[in-house]
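Working notes for the structure below.
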Amino acid sequence: MQRVVESWPRHFVSERATALGFAAEQTFDQIIDLYLAENGLA
Amino acid sequence: MIIRVLVTGAAGFLGKKVVEKLLDRGSLRGADGREHAIAQIVTTDRVDHSWDASSIPVAHVPGDISEPSHTGKLFDRPVDSVFHMAAALALESEAHFEQGMAINLGGTMALLDLCRRQARPATFIFPSSLAVFGGTLPDTVGDHVPQTPQTSYGTHKSIIELLINDYSRHGFIDGRGLRLPIVLLRAGAPSPAISDRVAAVARDPLHGRDIVCPFNRDTVIPVASGDTVARSLLDLHDLDAAGLGGQRFMNLPSLSVTFGDIEAAVGRKAGALSLGHVT
C-alpha cells in the first residue's frame, strides 16, 4: 500500500479550477471537524 | 423548465453526499443559464437504498449499470442532468479486470449513448481521479501533466475523460468533470479501497480504536473532504458552459498533508474525545 500511495501526486493543483472558485479545506482539522459533526461526535 | 436528475452510485460515500446536496439545494442551473427546480431525482446503485422523505421525489432503482436492461430503465423519461458516481474502485478493478471494464467503461459508455439519443443534451458530471496520473511525477501535478495511469482504474478514468470531451464536442452531452484527490473521511465499516485505509488512520482513533499506521509518517498525499467534493461537483454543473471550452476536466485543488499531519490533527481532539492510539 505504501508503494501505491507514493505513486499518487503529492501536490494536486489547477490554476483553472482555482480561478473558477474551487478550493479544498485549508487544514486537516477542518476535515476532522466536518466528520465529527456529520457523525454526531462533535 | 424543470430538471430530472440521475445519480449513479448513489448508495456510495460520495453518491449519497451528492444526493443530499441536491436535496438541500433544490435547484440546478439549466442549459439556458437559469436556475430551475429539481422535479425528480432518480438514484441507482448495485445495492438497494431508501431515502428520507423530502420535498423532491427520489426514486431508487437498484441494479448494475453494466447491464443494458438496467441502464435503459433509467432513461424511460428524459434526463436533464447525470451525476455518474458509480465505479469499480482501484482494488476491485485490479483484482477483477473484466468486472472493472464492464462497470467503468461498459457502464459509462452505455450511459453516454443513452444521453446521445435524447433530444436535448444532458449535463453529464463525472468524477475523474488523480489516478489518471502515475509513474514518475513532478512534485506538483497540474492539469497539463501527461496522463500515464499505472492502474486499470486510472486507465478507465482517463479513457472516459476523452470520451466525455468528444461527446461534448459533438454536442451529444454537456460533459464536465473534476479529477478528485483522496476523499476523506469515509464513515462506516471498512471498505476494500486504499483510500479507506488512509481514512482509517484518522477515523479509527477518533472512534477510540487503536491503529497501526501502514504508511510512512512523512508521505505526502492530496486530500479533500467528501463535503467539498460533492459541493464542487454541483458547482461544476452550474458553471457557464461557454467558459469550459473543449477541455472539460480539471484537477480539484487539494490540501496536501503527511500522515504525521493527520496524526497530529487527530491528537488535537484529545481534550474532547477519548482517542485510540496511532502506532
Side-chain angles (χ1 to χ4, degrees), chain A, chain B residues 90 130-131 133-135 137-143 145 150-151 178-182 184-187 194 197-198 202-203 206-207 214-216 219-229 232 235-236 239 243 247 250-257 259 261-262 264-266 268-269 272-273:
Chain A
M1 277 195 290
Q2 175 66 29
R3 187 171 50 81
V4 174
V5 169
E6 284 179 351
S7 74
W8 293 341
R10 291 178 292 279
H11 302 284
F12 199 51
V13 302
S14 168
E15 287 180 14
R16 186 177 176 216
T18 300
L20 288 168
F22 294 101
E25 286 75 11
Q26 298 296 304
T27 68
F28 200 79
D29 299 71
Q30 292 174 286
I31 294 177
I32 289 178
D33 289 341
L34 262 172
Y35 178 79
L36 296 177
E38 287 173 355
N39 291 277
L41 297 170
Chain B
L130 54 66
F133 302 108
L137 293 172
D139 191 56
T140 297
V141 172
D143 291 325
V145 169
Q150 305 293 303
T151 61
L178 292 169
R179 298 185 198 98
L180 305 184
I182 306 306
L184 302 176
L185 294 166
R186 190 185 304 260
I194 295 172
R197 302 273 49 80
V198 173
R203 184 184 58 215
L206 289 172
H207 287 273
F215 307 105
N216 296 338
T219 301
V220 179
I221 56 170
V223 301
S225 73
D227 194 73
T228 286
V229 167
S232 297
D235 290 346
L236 180 71
L239 282 180
Q247 175 47 262
M250 60 194 104
N251 299 345
L252 178 63
S254 310
L255 169 69
S256 290
V257 292
F259 286 94
D261 294 332
I262 293 173
V266 170
R268 284 192 282 277
K269 298 297 173 190
L273 296 168

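The structure displayed is predicted, hence computed values, not measured ones. A note on names: the letters A, B, ... follow the listed sequences, proteins ahead of strands, and every chain is numbered from 1. No hydrogens, no waters, no symmetry mates; every other heavy atom, side chains included, goes into these values.
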Which bit of [X] comes within less than 4.5 Å of chain B, counting heavy atoms only: side chain, backbone, both or neither?
X       : answer
A:Asn39 : side chain
A:Phe28 : both
A:Ala17 : both
A:Glu38 : side chain

For A:Trp8 against B:Leu137, the heavy-atom pair lying closest together: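 Shortest heavy-atom contact: C-CD1, 4.1 Å.
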
Of the non-hydrogen atoms in A:Leu34 and B:Ser225, which two are nearest, and what is the gap between them?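 Looking at all heavy atoms of both residues, the shortest contact is CD1-OG, 3.5 Å.
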
Residue of the set A:Arg3, A:Arg10, A:Gln2 for which side chain to side chain donor-acceptor pair (under 3.5 Å) holds with A:Glu6: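 Testing each of A:Arg3, A:Arg10, A:Gln2 against A:Glu6, the sole residue satisfying side chain to side chain donor-acceptor pair (under 3.5 Å) is A:Gln2.
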
Pairs of heavy atoms under 4.5 Å with chain A: top-ranked of [options]:
options                                : answer
B:Val257, B:Leu185, B:Val220           : B:Leu185
B:Val198, B:Ile194, B:Ile262, B:Val223 : B:Ile262
B:Ile221, B:Asp235, B:Asn216           : B:Asn216
B:Ser254, B:Pro138, B:Pro181, B:Ala224 : B:Ser254
B:Leu252, B:Leu178, B:Thr151           : B:Leu252
B:Thr228, B:Leu255, B:Asp261, B:Val266 : B:Leu255

Would you mind checking which part of [X] comes under 4.5 Å of any heavy atom in chain A, side chain (CB onward), backbone (N, CA, C, O), both or neither?
X        : value
B:Leu236 : both
B:Thr140 : both
B:Ala187 : both
B:Val145 : neither
B:Arg179 : both
B:Val229 : neither

Between A:Val13 and A:Thr18, is any pair of side-chain heavy atoms under 4.5 Å apart?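 The answer is no, as the side chains (C-beta and beyond) never meet within the 4.5 Å cut-off.
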
Note, B:Lys269 side chain near A:Asp33 side chain (heavy atom, < 4.5 Å): yes

Any idea how B:Phe259 and B:Phe215 line up, ring-wise: parallel (<30°), tilted (30 to 60°), or perpendicular (>60°)? parallel

Should the heavy atoms of other residues, nucleotides or ligands under 6.0 Å from CD of A:Glu15 be counted, would the total exceed 12? no

Inspect the contact between A:Arg16 and B:Asp143 and indicate whether a charged nitrogen and a carboxylate oxygen are less than 4.0 angstrom apart.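 Result for this pair is no, no salt bridge flagged.
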
Going through the checks in order, is the side-chain contact (heavy atoms from CB on, under 4.5 Å) test met by A:Ser7 and B:Gln150? CA-CA 8 Å; A:Ser7 74; B:Gln150 305 293 303; 5.6 Å; no

Kindly determine whether B:Leu130 and B:Ile182 satisfy side-chain contact (heavy atoms from CB on, under 4.5 Å), including the steps that lead there. CA-CA 8 Å; B:Leu130 54 66; B:Ile182 306 306; 4.2 Å; yes

